[in-house]
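Working notes, beginning with the structure itself.
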Amino acid sequence: MVRVRFAPSPTGYLHIGAARSALFNWLYAQKTGGKFLLRIEDTDLQRSTEESTRSIIEGLQWLGLAYDEEIVFQSANADKHRAAAYKLIEEGQAYRDFTPKAQRDDATVKQGVAERARAHAAAGIDPRSNPYRELPREESEQRAAAGEPFAVRLKIPHEGKTHFEDIVYGPQERAFPEIEDLVLLRSDGHPLYNLSVVIDDIEMGITDVIRGQDHLTNTHKQVLLYEALGASVPHFAHLPLILAPNKGKLSKRKHGEVVSLTTYRDRGFVPAAFRNFLALLGWAPPDGKEMLSVGELVEQFSLAGIHRSPAVFNFQENDPRHWTDEKALWMNAEYIRTMPIEELLPMVKAELRANKLWREEYDEDEREWFARVVDLIRQRFHTLKDFSAQGRAYFSADFDFDETAISKNLKKEPQLKELLPALADQLEQTDPFTSESAEATLRRLAEEKGVKAGLLINGSRTMLTGQAVGPSMFEVFEILGQKRSVERLRSGVPWFQAMNALGDV
RNA sequence: GGCGCAUUGGUGUAGUUGGUUAACACGCUGCCCUCUCAAGGCAGAGAUCACGGGUUCGAGUCCCGUAUGCGCUACCA
């Protein structure tokens, strides 16, 4: 049975790249009828936080990726990791390295590595030569017993090469001389990443490791460890990276909240929409259809459909209209306007509630009305936030008037100041009050006064909703009802606001 | 520095064994619809398939090289 895992380190919010890894693992588990496990890699005590763990769990939940079994916290397994390392020493597959720990500054590590490599090459030193590798066992044990600190390193053979088959990237080979004897245990006894992952994956019975491409080259080391440990090697599938628009690394420090999954939740994304979008980064369904429900995603998903080149996450910083990938935004709007209304309603409810616009009647007597409004206004919304912003006038008498709407639809025609109350008088007499009758009334008045119907329509739109844009106005009349429509048409509020704003009395 | 991976319109992708005008989605432009804005419909712009060689009757697809980008190379994860 297939067992896959998502293994994030809790050192910050859930990155969208990580979220995609989680998605692909989950999809694969669903597809194969396997298990999807969650492991929190919290071995870096300084950087790991509980808050981050919480946000990861919330993020997965939001995306609808339920994990099986108990969460595994890697830090809880440190003893097992150490024991495995000591066992490898016993077996002569690993050795104690008494070289004093080199001081390393995290920020300059990459540079330091390159410099060291250059220096070694220039001096003709084999970077893998380590005087402790062949230290006689007695001496090694004596020095350890005497309390001398040591790191534990895996012995990599000098000759030969590793090989594994990556499901996405194909056959991978690496010559042993290119791999340094990797450190398993720090001199303070702390187990290191490569050891911990392998032990935990064995322990958890992981059959398929699906993760970011940044782990591809390190996989050779892990394969060696599996072999040293006498465990069977899982299948590997590495996923192409998700890059920033400049094709650089997508990071929080440089790109801010666009990379955080919670941002999408907080800014009004429908989970299914974002999940759908994420699935299309690095993978494409065989039939090319892009709007896919979870069921379809599961059905169509295959590791073979994942391709190798990195995907660019397209957004424009400093441009609020394009704060994230346009296709994601489009897809969200598409979901909002096409998803079953019954599924959308609870999301709108949550949004209204958060903005104190929710009324319990919407769940009871006015349930039908509520569904009708949502159905009417969702057609042109892009995020759930829009229901409480542009949609505010439908749920509250206390809404703002858009400045451009006032100048374009009201102030430009001063006579509207009299025409709209006149329309209100007419509408008050209209019975029954429906979109059809409201339309007839309005058009009759326009004809009487010799003005274009559009003038009254657009003016009404701004009076009733505060906006210059929105659904068909006659639908709005009906949905808002006779009483509110008449009241708002008579209200002088936007006129005062216009005068104040524009300073002409 | 070494090793690895990648490279199809602005972006996401299709193009499985080489064979007609390189396909789809987002975005963009125009038109239609119309009470506005969307949606929808129609039309369109945009790719010398990174570059240079080669194999072949024929290459986005195979081979070699170059460039660029990214990753790994840590007593980080």
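Computed from a prediction, not measured in an experiment: that's the story for all the values here.
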With a cut-off of less than 4.0 Å, is there a side-chain N or O of A:Arg380 near OP1 or OP2 of B:U36? no
Heavy-atom check, side chain of A:Ile179 versus side chain of A:Leu224, under 4.5 Å: yes
Contacting residues from residues 449-460 of chain A, given that a heavy atom lies under 4.0 angstrom of RNA chain B: A:Ile457, A:Asn458
Looking at A:Asn194, does any N or O in its side chain come under 4.0 Å of the phosphate oxygens OP1/OP2 on B:A77? no
Considering every strand and a 4.0 Å limit on heavy-atom distances, what is the contact class for A:Lys161: base, sugar-phosphate, or nothing? nothing
Using a heavy-atom cut-off of under 4.0 Å over every strand shown, decide if A:Ser187 touches base, sugar-phosphate, or nothing. base
Measuring only the P atom in each nucleotide, how far is B:G41 from B:C49? A whole number of Å is fine. 32 Å
Of the listed nucleotides B:U11, B:C5, B:U36, the one nearest the side chain of A:Asp325: B:U11
A:Leu278 CG to B:A25 P: how many Å, rounded? 22 Å
Check the pair A:Asn246 / A:Lys254 against side-chain contact (heavy atoms from CB on, under 4.5 Å), numbers first and verdict last. CA-CA 11 Å; A:Asn246 65 357; A:Lys254 282 177 68 178; 4.3 Å; yes
From NE2 of A:His190 over to C1' of B:A77, roughly how many Å is that when rounded to an integer? 9 Å
Please determine whether a side-chain nitrogen or oxygen atom of A:Arg153 lies at a distance below 4.0 Å from atom OP1 or OP2 of B:C75. yes
Considering only heavy atoms and no angle criterion, is a donor-acceptor pair shorter than 3.5 Å present between the side chain of A:Thr217 and the base of B:C3? no
Can you check the A:Gln213 CD to B:G69 P distance for me, whole Å? 16 Å
Check for me whether the distance between the ring centres of A:Phe24 and A:Phe301 falls short of 6.0 Å. yes
Which value, rounded to the nearest 0.5 Å, describes the distance between A:Leu427 atom CG and A:Leu423 atom CG? 4.0 Å
Pairs: protein N or O with nucleotides 40-51 of chain B N or O, under 3.5 Å:
none

Which of parallel (below 30°), tilted (30 to 60°) and perpendicular (above 60°) describes A:Phe274 and A:Tyr264? parallel
Once you apply a heavy-atom cut-off of 4.0 Å, does A:Pro245 come out as touching a base, just sugar-phosphate, or nothing? nothing
Looking only at B:A25, B:G71, B:C75, the nucleotide nearest the A:Lys327 side chain is B:A25
My validator wants the stems of RNA chain B: runs of 3 or more consecutive Watson-Crick or G-U pairs, both distances under 3.5 Å, written as range with range. B:1-7 with B:67-73, B:10-13 with B:23-26, B:28-32 with B:40-44, B:50-54 with B:62-66
Are the charged groups of A:Asp386 and A:Arg380 less than 4.0 angstrom apart, N to O? no
Among B:C35, B:G71, B:A77, which nucleotide sits nearest the side chain of A:Gln74? B:A77
Ranking B:C35, B:C72, B:G27 by distance to the side chain of A:Glu326, first place goes to B:G27
Starting at CZ of A:Phe315 and ending at P of B:C26, how long is that distance when rounded to a whole Å? 22 Å
Where the side chain of A:Arg47 is concerned, which of B:C75, B:C76, B:C26 is the nearest nucleotide? B:C76
From the candidates B:A14, B:C5, B:A25, the one with an atom nearest any side-chain atom of A:Ala284 is B:A14
Would you kindly say whether A:Thr219 and A:Gln222 are connected by a side-chain donor-acceptor distance under 3.5 Å? no
Name all pairs fulfilling the ring pair (Phe, Tyr, Trp, His ring centres under 6.0 Å) condition that reach into residues 149-169 of chain A, sequence neighbours left out, sorted by first residue then second. A:Phe98-A:Phe150, A:Phe164-A:His220, A:Phe164-A:Phe236
About how many Å separate CD of A:Glu334 and NE2 of A:His382, when rounded to the nearest 0.5 Å? 10.0 Å
Name the closest nucleotide to the A:Phe474 side chain, picking from B:C35, B:C75, B:A77. B:C35
Classify the nucleic acid contact of A:Thr11 as base, sugar-phosphate or nothing, counting any heavy atom under 4.0 Å across all strands shown. nothing
Side chain of A:Glu290: nearest nucleotide among B:G12, B:G27, B:A77? B:G12
Can you tell me the distance, in whole Å, between the CZ atom of A:Arg211 and the C1' atom of B:C5? 15 Å
Is there a side-chain contact between A:Phe73 and A:Ser48 (heavy atoms, below 4.5 Å)? no
Quick note, A:Arg174 side chain, CB onward, closest among B:C3, B:G71, B:A74 is B:C3
Would A:Asp97 and A:Asn130 satisfy side chain to side chain donor-acceptor pair (under 3.5 Å), going step by step from the backbone distance to the final call? CA-CA 8 Å; A:Asp97 181 357; A:Asn130 186 317; 3.0 Å; yes
Trace of the side chain to side chain donor-acceptor pair (under 3.5 Å) decision for A:Thr43 with A:Ser196: CA-CA 9 Å; A:Thr43 53; A:Ser196 301; 5.3 Å; no
Can you find a heavy atom in the side chain of A:Ile202 that is under 4.5 Å from one in the side chain of A:Lys80? no
Salt bridge A:Glu413-A:Lys452, side-chain N to carboxylate O under 4.0 Å: no
Distance below 4.0 Å between A:Lys247 side-chain N/O and B:A6 OP1 or OP2: no
For RNA chain B, the residues among residues 82-89 of chain A that have a non-hydrogen atom under 4.0 Å from it: none
Side-chain donor/acceptor of A:Asp400 to backbone N/O of A:Gly466, under 3.5 Å: no
Before we go on, tell me: are the rings of A:Tyr132 and A:Tyr95 under 6.0 Å apart, centre to centre? no
Got a sec? Which of residues 299-308 of chain A come in under 4.0 Å of RNA chain B, heavy atoms? A:His307, A:Arg308
For a quick check of understanding: with a heavy-atom distance under 4.0 Å over all strands, which category does A:Lys249 fall into, base, sugar-phosphate or nothing? sugar-phosphate
Between atom CD in A:Glu413 and atom C1' in B:U36, what is the gap in whole Å? 16 Å
Whole-Å distance between B:C26 P and A:Gln316 CD? 18 Å
Suppose you measure atom C1' in B:A22 against the same atom in B:G4; what distance do you get, rounded to whole Å? 30 Å
Counting the atoms with a prime plus P, OP1 and OP2 as sugar-phosphate, which does A:Pro177 contact under 4.0 Å by heavy atoms, base, sugar-phosphate, or nothing? nothing
According to the interplanar angle, ranging from 0 to 90°, do the rings of A:His15 and A:Tyr13 count as parallel (below 30°), tilted (30 to 60°) or perpendicular (above 60°)? parallel
Under 4.0 Å between any heavy atoms, over every strand shown, what does A:Tyr169 touch: base, sugar-phosphate, or nothing? Just pick one. sugar-phosphate
With rounding to whole Å, what would you report as the distance between B:A45 and B:C51 at their C1' atoms? 26 Å
In this structure, how many angstroms lie between the C1' atom of B:C35 and the CD atom of A:Gln467, rounded? 16 Å
Please determine if A:Asp287 and A:Lys289 form a salt bridge, counting it only when a charged side-chain N lies under 4.0 Å from a carboxylate O. no
Using a cut-off of less than 4.0 Å, is there contact between a side-chain N or O of A:Arg443 and OP1 or OP2 of B:C35? yes
Same-atom distance (P) from B:G60 to B:G44, integer angstrom: 25 Å
